[in-house]
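We count residues from 1, following the sequence as given.
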Amino acid sequence: VLADINPAMLQQGRTRLLNEGILVDYAQVNAEKLPFADNSFDVISIAFGLRNVPRKEHALQSMYQALKPGGQLMILEFSHPTWIGLEWLYKWYSFNIVPKLGQWVAQDAPSYQYLVESIQKHPSQTALIQMMQDAQFEDCRYENLTGGIVAIHRGVKY
């Protein structure tokens with residue numbers, strides 16, 4: 001099931017999948033209160049979306065309820081650099097270059113400013129693990145990509 005709260009993003013994703021010959025169900029939903037029955041899914045994945053959810057703890061609880069026992073949650077999200085020196089460089093680039101690129105490429109600097117601010121406010125890798133554990137996920141772990149700029153978090157419902 002392809003899901004998003006934003007109807008335009010949902011339609012864009014659905015169109016891309018259909019263009020690849022992939023048929024899926026789709027639903028406009030709020031991640032904080034998924035409208036699916038308990039124990040419905042084997043896997044729930046969210047990519048570059050959790051940082052936009054105001055009450056992440058509610059979304060994690062809702063995803064936990066929707067997963068079947070043994071089901072896995074996978075979160076792909078921008079995170080916090082872990083390589084020495086990369087954090088400063090990344091922050092400088094994010095706040096000084098990314099909005100200008102957004103203005104130049106998409107004529108939309110404010111959206112790109114929001115992007116970098118939302119990344120900075122998103123919980124660290126270990127803080128997100130704690131939030132997942134607070135939502136009852138077990139075997140929680142993460143893997144940093146690109147020095148922690150992006151991370152994949154995983155948790156299991158038992």
Side-chain angles (χ1 to χ4, degrees), residues 1-6 9-10 12-14 16-17 20 22-95 97-98 101-102 111-158:
V1 177
L2 175 67
D4 201 300
I5 196 169
N6 181 311
M9 292 296 288
L10 184 62
Q12 179 71 15
R14 182 172 181 265
R16 285 185 178 187
L17 289 171
E20 295 295 321
I22 301 169
L23 300 175
V24 296
D25 291 331
Y26 63 99
Q28 185 178 349
V29 302
N30 180 342
E32 293 179 5
K33 189 166 176 36
L34 295 174
F36 306 111
D38 291 357
N39 306 311
S40 294
F41 296 98
D42 295 308
V43 175
I44 293 177
S45 66
I46 182 168
F48 303 110
L50 187 62
R51 74 186 146 72
N52 297 313
V53 176
R55 298 180 302 175
K56 293 166 186 48
E57 65 280 2
H58 290 263
L60 292 169
Q61 290 167 355
S62 184
M63 291 176 203
Y64 182 87
Q65 289 177 322
L67 279 170
K68 295 177 183 176
Q72 184 174 191
L73 170 65
M74 300 175 67
I75 303 166
L76 174 66
E77 188 57 83
F78 288 109
S79 201
H80 298 267
T82 56
W83 290 351
I84 294 173
L86 181 59
E87 185 172 7
W88 176 86
L89 179 63
Y90 178 64
K91 191 176 281 190
W92 180 87
Y93 175 81
S94 295
F95 282 96
I97 304 300
V98 170
L101 285 173
S111 291
Y112 288 82
Q113 183 68 35
Y114 166 79
L115 170 68
V116 298
E117 289 172 2
S118 69
I119 292 168
Q120 290 297 309
K121 292 177 184 174
H122 188 67
S124 69
Q125 291 88 323
T126 55
L128 184 53
I129 287 289
Q130 185 61 57
M131 292 174 73
M132 293 170 68
Q133 291 169 336
D134 291 346
Q136 301 181 342
F137 285 98
E138 297 182 46
D139 295 336
C140 296
R141 62 193 185 282
Y142 68 90
E143 178 182 349
N144 285 323
L145 307 173
T146 57
I149 291 173
V150 172
I152 300 172
H153 284 72
R154 295 179 178 96
V156 179
K157 174 182 179 177
Y158 287 115

Are side-chain heavy atoms of [X] and [Y] found at a separation under 4.5 Å?
X: Leu10; Y: Arg14; result: no
X: Leu86; Y: Thr146; result: no
X: Met132; Y: Leu73; result: yes
X: Pro69; Y: Asn39; result: yes
X: Tyr158; Y: Gln136; result: no
X: Phe48; Y: Leu115; result: no
X: Met63; Y: Ile46; result: yes

Strictly distance-based, threshold 3.5 Å: is any side-chain N or O of [X] a donor or acceptor partner for the main-chain N or O of [Y]?
X: Lys157; Y: Tyr64; result: yes
X: Ser62; Y: Leu34; result: yes
X: Gln125; Y: Tyr142; result: no
X: His80; Y: His122; result: yes
X: Ser79; Y: Ile149; result: no
X: Gln28; Y: Ile5; result: yes
X: Lys121; Y: Ser118; result: no
X: Glu32; Y: His58; result: no
X: Glu77; Y: Arg51; result: yes

When rounded to the nearest 0.5 angstrom, what is the spacing between [atom1] in [X] and [atom2] in [Y]?
X: Ile75; Y: Leu128; atom1: CD1; atom2: CG; value: 5.0 Å
X: Asp38; Y: Lys68; atom1: CG; atom2: NZ; value: 13.0 Å
X: Arg154; Y: Met74; atom1: CZ; atom2: CE; value: 4.5 Å
X: Gln113; Y: Ser94; atom1: CD; atom2: OG; value: 10.0 Å
X: Gln12; Y: Arg16; atom1: CD; atom2: CZ; value: 4.5 Å

For the residue pair [X] and [Y], what are the closest heavy atoms and their distance?
X: Gly147; Y: Trp83; answer: CA-CE2, 3.3 Å
X: Ala66; Y: Ile44; answer: CB-CD1, 3.9 Å
X: Gln133; Y: Cys140; answer: CG-SG, 3.8 Å
X: Ala59; Y: Val53; answer: CB-CG1, 3.9 Å
X: Gly102; Y: Tyr112; answer: CA-CD1, 3.4 Å
X: Val1; Y: Phe41; answer: CG2-CE2, 3.9 Å

What do you reckon, is [atom1] of [X] surrounded by more than 12 foreign heavy atoms closer than 6.0 Å?
X: Glu138; atom1: CD; value: yes
X: Asp25; atom1: CG; value: no
X: Ile84; atom1: CD1; value: no

One pair to check against side-chain contact (heavy atoms from CB on, under 4.5 Å): Leu67 and Phe137. What are the steps and the verdict?
CA-CA 10 Å; Leu67 279 170; Phe137 285 98; 3.6 Å; yes

